[in-house]
Amino acid sequence: MKIIVLGVGSSGGTPQIACACETCTSTDPRNTRTRSSSLIVLEGGEHILIDTGPDLRHQALRENICRVDAVLYTHAHADHLNGIDDLRAFCVNGKKQIPIYANASTLNNITSRFGYAFQPPREHWDLPTLTAHEAAAPFELFGHRVIPLPLQHGRASILGWRIGNFAYLTDISAIPDESMDLLGGLDVLLLDCLRIRPHNTHINLEQSLAYAQRIQANRTFLIHMTHELEYHAMAARLPEGIYVGYDGLRLELA
Ligand SMILES: [Zn+2]
Ligand SMILES: [Zn+2]
Ligand SMILES: [Zn+2]
C-alpha cells in the first residue's frame with residue numbers, strides 16, 4: 001500500500017492570496033501547499049481518494065492520477081469538498097459510478113449541495129456519477145478494512161480514516177478517547193497542524209506534537225498547515241519521527 005500526499009495546505013492554501021511573508025514568497029516547492037488531500041494506492045491497483053479539495057484537478061495532473069475508485073470524506077468544508085465536480089473525469093475514464101463514504105451529516109450536506117452528481121450515468125457521461133454511502137462503522141473496501149474515526153472539529157463531529165497501518169486525521173480540535181483507542185500500531189499518520197497560535201477548531205503545533213507523542217506512529221507527517229509554518233524552520237524543531245508533510249510526498253507503508 002502506498003500513499004501519495006496530494007496537498008498539505010489549510011483552507012486558503014500557501015502561498016496565501018495577497019501575502020508577501022517568508023513562506024508565501026519562498027521558492028522551495030515544500031512551501032507551496034495545495035488544499036489538504038491524499039490518495040491511497042492499494043496493492044490491487046485501486047485508488048482511494050481522501051477528500052476532493054478545490055485543487056483536485058491540479059493535483060491529479062501533477063501526480064498523473066488516472067483513476068479514482070472511491071472517495072472517503074472527512075467533512076464538507078469547502079477546502080475538502082469543492083473539487084467534487086472534477087471526479088467527473090474519473091467517472092468518464094472508467095465508465096463507472098464512484099462510491100463516496102462519509103458520516104451522515106457530511107453526506108447530507110454533500111448530496112444537498114451537489115445533488116446533480118448523484119444521478120445515474122447519462123449517455124455522454126457529462127456529469128460526475130457518484131453513489132453515497134454512510135460510514136457509521138468499519139466496512140470492507142477492495143478487500144481492506146476501512147475504519148471511520150469520529151473526531152471533533154470545533155462543534156462539528158467529523159471523520160478521520162484508518163486503513164491498515166495508515167491513518168489520516170485532519171481538521172481536529174480534539175480526538176475522542178474511543179478514536180484514540182483505534183490508533184495503535186500505525187506505520188504512517190498524517191496529522192492536522194494548523195499553525196503555531198491556538199485556534200478554536202484546529203489543533204496547533206504544540207497540540208499536534210502532544211497527540212503525535214501519544215499515538216506513537218512510526219512516522220507522523222503534519223498536514224493542513226498555514227503559511228505561519230515555514231518548511232525549514234519547522235523541520236529543524238520537530239522531534240524524531242515527526243516530519244513536515246509536503247505536496248507530492250510519496251510514502252510506502254511497511
Ligand atoms: Zn480544512
Ligand atoms: Zn504568507
Ligand atoms: Zn474544516
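The first residue of the sequence shown is numbered 1, and numbering continues consecutively from there. Both ligands and their constituent atoms are indexed starting at 1 by order of listing. Not measured: the values here are computed from a predicted model.
- With hydrogens and angles disregarded, a donor-acceptor distance shorter than 3.5 Å links the side chain of S36 to the backbone of G9.
- N82 CG to D51 CG: the interatomic distance, rounded to the nearest 0.5 Å, is 11.0 Å.
- Rounded to 10°, the angle that SG of C19 and ND1 of H227 form at the Zn ion (ligand 2) is 100°.
- Taking the Zn ion (ligand 2) as the corner point, the angle from C24 atom SG to C21 atom SG is about 110° (rounded to 10 degrees).
- Within a 6.0 Å sphere centred on CD of E206, other residues, nucleotides and ligands contribute 12 heavy atoms or fewer.
- Neighbours of the Zn ion (ligand 3) restricted to protein N, O or S atoms under 2.8 Å: the count is 4.
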Just list the side-chain donor-acceptor pairs under 3.5 Å for residues 190-197, sequence neighbours left out, or say none.
residue	atom	partner	partner atom	Å
D192	OD1	H202	ND1	3.3
D192	OD2	D171	N	3.2
D192	OD2	I172	N	2.8
D192	OD2	H202	ND1	2.9
R195	NE	R197	O	3.2
R195	NH2	P198	O	2.7
R197	NE	E228	OE1	2.8
R197	NH2	E228	OE1	2.8

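- H224 and D79 are linked by a side-chain donor-acceptor pair at a separation below 3.5 angstrom, with hydrogens and angles left out of the test.
- Other residues, nucleotides and ligands place no more than 12 heavy atoms under 6.0 Å from the CD1 atom of I17.
- Each of T52, T106, N103 was compared with Y73 under the side chain to side chain donor-acceptor pair (under 3.5 Å) criterion, and only T52 meets it.
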